[in-house]
4 protein chains.
Amino acid sequence: MAQYSVILSNVGSCADRFLTTGYSAPFDIKQLFERVKQIPQVTGVELIGTWHVTDKNVKEIKKYLDEHQLQLVSIIPDHFGQMKWKYGSFAAKDPAIRAEAVAHTKEMIDAGLELGGNLISLWPGQDGYDYLFQGDYIQERDWFAEGVKEVCEYRSDVKISLEYKIKEPRTHSYLSTVATSLLIAQEVGTSNVGVTIDFGHALNAYETPAESVALLKKYGNKLFHVHMNDNFRLWDDDMIVGSVHTIETLEFFYWLKKTNYDGWLSIDQYPYREDSLEAVREGVNAMENFVRLVDNMNTEEVEGMIRRGKSPEITAYLRKLLLSGS
Amino acid sequence: MAQYSVILSNVGSCADRFLTTGYSAPFDIKQLFERVKQIPQVTGVELIGTWHVTDKNVKEIKKYLDEHQLQLVSIIPDHFGQMKWKYGSFAAKDPAIRAEAVAHTKEMIDAGLELGGNLISLWPGQDGYDYLFQGDYIQERDWFAEGVKEVCEYRSDVKISLEYKIKEPRTHSYLSTVATSLLIAQEVGTSNVGVTIDFGHALNAYETPAESVALLKKYGNKLFHVHMNDNFRLWDDDMIVGSVHTIETLEFFYWLKKTNYDGWLSIDQYPYREDSLEAVREGVNAMENFVRLVDNMNTEEVEGMIRRGKSPEITAYLRKLLLSGS
Amino acid sequence: MAQYSVILSNVGSCADRFLTTGYSAPFDIKQLFERVKQIPQVTGVELIGTWHVTDKNVKEIKKYLDEHQLQLVSIIPDHFGQMKWKYGSFAAKDPAIRAEAVAHTKEMIDAGLELGGNLISLWPGQDGYDYLFQGDYIQERDWFAEGVKEVCEYRSDVKISLEYKIKEPRTHSYLSTVATSLLIAQEVGTSNVGVTIDFGHALNAYETPAESVALLKKYGNKLFHVHMNDNFRLWDDDMIVGSVHTIETLEFFYWLKKTNYDGWLSIDQYPYREDSLEAVREGVNAMENFVRLVDNMNTEEVEGMIRRGKSPEITAYLRKLLLSGS
Amino acid sequence: MAQYSVILSNVGSCADRFLTTGYSAPFDIKQLFERVKQIPQVTGVELIGTWHVTDKNVKEIKKYLDEHQLQLVSIIPDHFGQMKWKYGSFAAKDPAIRAEAVAHTKEMIDAGLELGGNLISLWPGQDGYDYLFQGDYIQERDWFAEGVKEVCEYRSDVKISLEYKIKEPRTHSYLSTVATSLLIAQEVGTSNVGVTIDFGHALNAYETPAESVALLKKYGNKLFHVHMNDNFRLWDDDMIVGSVHTIETLEFFYWLKKTNYDGWLSIDQYPYREDSLEAVREGVNAMENFVRLVDNMNTEEVEGMIRRGKSPEITAYLRKLLLSGS
């Protein structure tokens with residue numbers, strides 16, 4: 001039974017570098033919770049460190065969660081949204097910053113436990129480099145793995161899930177691809193370290209998202225969490241689920257089922273110009289529709305088709321599935 | 001009423017740079033015609049200069065066309081498949097090669113007329129450059145336009161349609177995008193010069209194929225011909241129609257109808273590993289399915305949706321259209 | 001004699017969508033002018049509408065320009081940095097917004113004249129679309145051209161220079177490539193409409209920047225302005241000049257000279273994490289170095305090399321030029 | 001002391017899918033050896049299975065190597081150049097094909113040993129998929145690792161080096177990136193399995209080639225071999241070394257030195273239109289020049305610069321190094 005959630009800020013206002021004050025009027029946290037509640041299928045939320053949750057406001061957040069009967073799905077610690085992270089967090093050249101990255105994560109682990117959550121989705125977006133000859137690729141990756149190991153060992157009952165992305169905000173990230181994430185997970189070596197697939201990030205790295213699911217299954221059953229959205233391949237446009245890559249999205253949900261993924265399906269969109277509530281609502285509707293479509297597929301037929309691997313047969317199958325409507 | 005055709009070599013064997021002798025056993029021209037005939041919706045063929053048609057074998061080709069009741073849709077002159085074109089055809093630095101490019105095109109115009117065709121689809125794939133500091137971008141583009149103008153003026157009753165592609169076989173082509181093609185068409189200035197959209201080439205240039213149709217409508221109603229296939233955005237993979245870009249393909253057919261395109265819909269796939277006949281058959285089935293889907297769309301509803309431009313409404317519409325099946 | 005300038009905000013603090021308050025503490029306009037002044041080669045500035053110049057503060061700006069003996073190189077009207085532009089400016093679906101886009105541009109033309117400038121660099125970054133089936137590609141492009149025409153006709157003694165970019169902030173821009181810009185310039189038809197090449201934007205569209213210069217020369221001598229920066233090809237990273245594409249930058253400056261470009265060379269960088277003054281200073285040093293290198297090249301030798309077009313000869317030449325140092 | 005080599009076919013004639021018979025007249029093996037010999041710095045060659053070496057012609061090849069005093073650097077078994085591999089080699093769905101892939105590799109190991117070589121550079125270019133829903137990503141990757149393991153265990157004194165590439169000839173390869181290669185190497189688990197970096201393949205995967213070197217150092221010192229060329233980022237253009245990415249190439253050679261790489265530096269270019277001997281000669285000259293430039297760099301200065309990571313300092317350093325010439 002699929003469980004749907006959303007990153008809280010997704011129902012709010014979005015900004016970009018040209019319009020830093022946002023494309024819409026902002027909402028406060030109370031309003032964001034009320035907006036989430038208007039999407040009936042959504043039963044969980046993800047919160048971002050600093051933006052939504054700090055070590056000071058845990059009680060207030062708890063009240064909102066309870067009031068709206070929403071589960072805390074994960075906390076995404078803030079390793080990207082303050083000046084101090086500008087040269088990295090876990091892999092920063094400055095040891096004081098690396099220590100802060102670890103300390104903040106531990107705080108968020110504690111906050112999460114207090115809020116009934118046991119998943120940290122780590123997105124170390126500032127860890128990487130912009131220029132050639134700027135990074136000490138070995139040293140900084142060592143630091144990165146050490147920091148992640150320390151937070152994994154802090155609480156073995158909390159899952160630490162690494163969200164990879166090939167670039168942005170740096171021109172090159174250290175946690176770049178599904179395979180890089182697995183190398184780091186193996187290096188860390190604890191059982192509570194895993195990986196978050198952001199569908200759009202997978203596309204950006206020229207991964208086939210379904211194959212990324214398979215890789216995580218093959219190498220240790222490490223898919224811990226899923227972020228959904230879509231884009232035009234070359235950049236993390238964070239568009240509404242299913243709006244561009246119909247077949248990639250279908251195959252992704254097929255492989256989630258095939259590999260028995262039982263975590264959350266969470267919206268991670270950036271609806272700059274849209275009414276963000278409507279955009280998330282429609283993203284959830286799309287996920288629900290893909291889940292249903294996959295449930296109605298004849299597994300034996302599809303597996304036979306994959307086993308034979310003949311593209312005319314495959315495209316005929318998909319054509320009948322997708323284009324026979326109206 | 002849509003008319004479907006195929007480039008003759010598409011039902012044959014394909015080679016690449018690692019397997020130059022081809023992924024399947026070759027077929028001769030007689031066999032290629034027989035294979036095309038097995039796809040009931042196909043009523044026309046496109047022929048390639050040198051590969052299929054020369055000034056010597058026009059009578060033989062005429063026999064095949066008549067025997068199978070196939071129309072000649074276009075001839076694609078050979079400006080890419082012989083050593084002499086390696087540094088270009090219309091834009092070659094060597095004036096003798098430029099003269100040959102023009103002469104061969106005129107021969108193909110004559111051959112086409114004899115075979116009942118009035119369309120030349122020009123793909124000057126070797127015109128461009130590989131290295132920086134290699135091309136004289138002004139001089140060579142001037143030569144290119146002069147050569148095209150000469151063939152356009154040769155027979156005003158034959159359409160000359162320019163097929164653009166951003167790269168391959170050169171790392172950079174002169175006839176690169178839909179807008180570059182329009183600039184050249186304006187420079188040539190005759191009424192019989194126009195543009196071929198290859199769906200995959202448009203994707204490669206980060207064009208939205210439907211928008212490329214619109215641009216050609218806006219700037220002089222210059223869409224003369226369409227080549228269909230699909231790819232993964234970054235390279236001309238020449239895959240089966242609709243196998244990747246479901247929504248882009250749908251929007252493309254929608255805009256063909258909206259702009260009253262009444263030319264051929266022609267398959268241009270490279271089925272390296274597939275049975276090429278099955279791959280083309282399925283490509284044609286896909287085109288037919290998209291045409292039907294567009295015909296069933298409520299134009300007023302869709303136009304209203306475009307006029308409002310709200311993405312949650314648009315994605316909901318497409319979701320219901322595409323994912324409600326099975 | 002090369003003239004160097006900078007967009008005023010380039011010596012300030014930069015933000016992105018994850019750190020909307022900026023990677024450094026902000027500077028006020030007075031401070032920005034003082035910072036520019038610390039780069040000795042820079043003799044002009046570009047100002048952005050709303051951010052730097054409004055119809056209210058022209059006198060104050062004039063004072064800063066005079067005080068620091070800086071020329072006004074251009075004004076970039078604000079068609080991107082306020083909520084009202086979220087669905088476009090000249091091509092917005094709402095006629096009131098289209099009217100505001102024109103009105104604001106006229107105000108900026110007036111302000112520019114008062115400040116001694118005769119160049120408007122128009123960057124209509126919000127004109128385009130994010131989703132498929134969202135744009136009426138013909139209608140909206142018609143509106144776009146109409147609006148641009150109106151501002152061009154407002155003052156024939158002021159140059160209106162169109163800065164193209166293939167995407168961002170929209171997933172697809174209408175003013176996307178150098179060739180699209182030329183089509184629009186031809187449609188507008190006035191002699192004061194031209195094109196700004198942003199070096200990085202050209203790279204993003206898989207253009208060779210030197211070839212973009214050549215195209216503008218060939219089709220009407222339409223290169224009005226230049227913005228310099230660098231990136232990793234796939235996104236507008238707005239890095240320091242020459243930090244990635246050494247040879248493309250060299251060839252670009254070569255063609256600027258070859259086509260007798262006599263406008264400004266202006267820095268357009270986004271130094272998120274760097275000290276922005278140091279980053280601009282180094283960008284200017286790089287431009288100066290490329291200009292000198294080109295001046296020292298033997299034109300006859302280079303032109304012969306281009307005429308022959310042999311890549312081993314070309315790469316040997318560039319190797320000796322660039323790698324013989326230290 | 002750097003050692004330079006070349007893949008034998010690189011001094012011959014190249015074909016592509018549009019000109020399958022080649023852009024130049026072909027050379028026989030004897031001639032290819034004679035051509036290699038004309039490049040004084042080259043002391044080794046790489047041979048391709050089937051194309052150059054079979055279990056039948058080992059003695060003849062030995063004669064050529066001896067006669068020209070060339071070392072056998074590696075054999076690249078043919079897992080891509082015959083019809084039978086069209087659906088894969090080690091990961092083929094057909095068990096008979098998988099067995100052939102292993103058997104051919106063992107033959108090439110034997111041939112290599114007889115010729116004095118102890119390196120196999122494995123490029124399983126056909127292992128992957130073209131279409132969505134075509135690959136069983138777990139099963140086929142399991143087969144792949146099993147096959148590689150079998151050839152690694154066959155002779156522990158021969159190195160098996162995996163050459164990754166994100167695509168081509170399939171639209172998606174299984175051995176796609178440096179990190180994927182490391183995962184497979186770890187899965188195989190023998191000490192004689194390692195990785196070949198093809199400089200251009202790294203660029204295609206949006207890797208920074210120097211960082212790929214670092215990753216292989218960090219995770220088991222697994223860099224076994226290097227193929228050099230260049231391209232325009234998005235496709236494996238196989239151009240002359242250093243012709244596009246000056247700084248990436250410099251940083252790559254810097255990290256080779258920093259990580260004490262002591263293997264061969266081998267040319268892997270596809271000079272379609274060039275005189276192939278001249279193109280390889282110039283590629284080798286470029287490599288030699290980069291090696292010398294790196295040797296002249298002050299390591300302490302560069303390491304300090306990397307430690308500080310300030311981009312204006314870095315770009316100033318590179319500017320002085322590269323642009324002060326002429």
Side-chain angles (χ1 to χ4, degrees), chain A residues 203 206 208 230-235 239-251 253 269 271-298 309-326, chain B residues 203 206 208 230-235 239-251 253 269 271-298 309-326:
Chain A
L203 290 175
Y206 201 72
T208 298
D230 209 337
N231 63 49
F232 281 98
R233 268 281 171 196
L234 298 174
W235 186 252
M239 297 163 73
I240 295 174
V241 177
S243 56
V244 184
H245 289 91
T246 312
I247 301 175
E248 277 91 345
T249 308
L250 182 69
E251 194 196 19
F253 278 89
Q269 300 174 168
Y272 298 98
R273 295 169 185 79
E274 287 69 37
D275 176 298
S276 57
L277 175 55
E278 292 315 305
V280 172
R281 189 196 300 282
E282 182 47 34
V284 174
N285 286 343
M287 293 201 295
E288 210 181 29
N289 228 158
F290 278 107
V291 167
R292 192 161 49 231
L293 206 54
V294 165
D295 280 341
N296 288 340
M297 286 165 81
N298 180 329
K310 301 301 186 208
S311 63
E313 180 187 1
I314 295 164
T315 51
Y317 175 88
L318 293 169
R319 175 173 53 79
K320 285 169 198 159
L321 189 70
L322 300 172
L323 303 186
S324 58
S326 110
Chain B
L203 290 174
Y206 200 72
T208 297
D230 210 336
N231 64 49
F232 281 98
R233 267 279 171 200
L234 299 174
W235 186 252
M239 297 163 71
I240 294 173
V241 177
S243 55
V244 184
H245 290 90
T246 313
I247 301 174
E248 276 91 346
T249 309
L250 181 69
E251 195 196 18
F253 278 89
Q269 302 173 168
Y272 297 98
R273 294 169 185 79
E274 287 69 37
D275 177 298
S276 56
L277 175 54
E278 291 314 306
V280 171
R281 187 196 302 282
E282 182 46 34
V284 174
N285 286 341
M287 294 201 294
E288 210 182 28
N289 228 157
F290 279 106
V291 166
R292 193 161 48 232
L293 208 53
V294 165
D295 280 340
N296 289 340
M297 286 164 81
N298 181 328
K310 301 300 185 207
S311 63
E313 179 187 3
I314 295 164
T315 53
Y317 175 88
L318 292 169
R319 177 173 51 80
K320 284 169 199 160
L321 189 70
L322 299 172
L323 302 185
S324 57
S326 108

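Please read all numbers here as calculations on a predicted model, not as lab measurements. Sequence lines set the chain letters: A, B, ... in the order given, protein chains first and strands last, and positions in each chain run from 1.
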Side chain, backbone, both or neither: which part of [X] has a heavy atom under 4.5 Å from chain B?
X       : answer
E248(A) : side chain
V244(A) : both
I240(A) : side chain
F232(A) : both

So [Y] and [X], do their side chains get closer than 4.5 Å, heavy atoms only?
X       : Y       : value
I247(B) : H245(A) : no
V241(B) : T315(A) : no
L234(A) : L234(B) : yes

- Note on the structure: In terms of heavy-atom contacts, L323(B) and N289(A) come closest through O-ND2, 3.7 Å
- Message: To check you understand the geometry: which heavy-atom pair defines the closest contact between E274(A) and P312(B), and what is its length?
- Response: CG-CD, 3.7 Å
- Rounded to the nearest 0.5 angstrom, the OH-CD distance for Y317(A) and E282(B) is 14.0 Å
- Rounded to the nearest 0.5 Å, what's the gap from CG on L293(B) to CZ on R319(A)? Could you check? 12.0 Å
